[in-house]
Visitor: 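The structure is given below, and queries will be raised subsequently.
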Amino acid sequence: PKPSRLPKGVMGDIVRAGWVTKESRHWGRWRLRWLELVYEEGTSVPNLCSYKAARMQWPEEPPRPTERLPLVGATCFPCPDDG
């Protein structure tokens, strides 16, 4: 069974979301990114998707993720603070 989730995301159900700092692939610079752990629509494959802006700053049409990492074979469980 899938864990309890937040509202629907761009790809499916959001498991966790928040700000992270990541190192850029090409220039090695540190950048702030909004990261969402979501289940791909219609499957049980979790994905990590990063965006330049937080969900509340998106226009009506959601942006394309700057990165998308399918976590094939992974299982996501709710954190203790999820209730």
Side-chain angles (χ1 to χ4, degrees):
K2 290 183 182 178
S4 60
R5 292 184 202 42
L6 298 170
K8 286 277 192 183
V10 172
M11 299 182 57
D13 293 339
I14 300 169
V15 179
R16 294 300 259 179
W19 288 105
V20 297
T21 304
K22 66 163 232 73
E23 189 174 12
S24 67
R25 194 179 321 182
H26 301 288
W27 298 103
R29 294 193 177 134
W30 290 93
R31 297 189 173 141
L32 192 62
R33 291 289 184 257
W34 181 254
L35 193 71
E36 293 185 347
L37 176 60
V38 296
Y39 273 99
E40 190 170 332
E41 193 76 50
T43 74
S44 60
V45 177
N47 288 265
L48 278 175
C49 296
S50 67
Y51 302 92
K52 290 182 180 180
R55 177 169 291 277
M56 56 286 254
Q57 298 169 326
W58 295 357
E60 286 185 33
E61 190 66 29
R64 188 172 172 191
T66 56
E67 289 188 71
R68 178 180 165 264
L69 301 157
L71 304 176
V72 177
T75 304
C76 300
F77 296 98
C79 292
D81 66 341
D82 285 346

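When a residue number appears, it is its place in the shown sequence, counting from 1. Note that the structure is a prediction, hence the values are computed from the model and not measured.
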Visitor: Is Arg33 salt-bridged to Glu67, going by a charged N under 4.0 Å from an acidic O?
Guide: no
Visitor: Of Arg16, Arg68, Arg55, which meets salt bridge (Lys or Arg N to Asp or Glu O under 4.0 Å) against Glu36?
Guide: Arg55
Visitor: Look at atom NZ of Lys52 and say whether more than 12 heavy atoms of other residues, nucleotides or ligands are closer to it than 6.0 Å.
Guide: no
Visitor: Please round to the nearest 0.5 Å and tell me the distance separating atom CE of Met56 and atom CH2 of Trp34.
Guide: 4.5 Å
Visitor: What closest approach, in Å, do Tyr51 and Thr66 show between heavy atoms, and which atom pair accounts for it?
Guide: N-OG1, 3.9 Å
Visitor: Enter the distance from Asn47:CG to Leu69:CG here, rounded to the nearest 0.5 Å.
Guide: 8.0 Å
Visitor: Look at atom CH2 of Trp19 and say whether more than 12 heavy atoms of other residues, nucleotides or ligands are closer to it than 6.0 Å.
Guide: yes
Visitor: Report yes if some heavy atom in the side chain of Val20 is under 4.5 Å from a heavy atom in the side chain of Ser50; otherwise report no.
Guide: no
Visitor: Quick check: closest heavy atoms across Glu23 and Gly28, and the distance to 0.1 Å?
Guide: OE2-O, 3.4 Å
Visitor: Please find the pair of heavy atoms, one from Val45 and one from Leu71, that lie closest to each other, and give the distance.
Guide: CG1-N, 4.3 Å
Visitor: Measure the shortest side-chain to side-chain distance between Pro46 and Val15 over non-hydrogen atoms and say whether it is less than 4.5 angstrom.
Guide: no
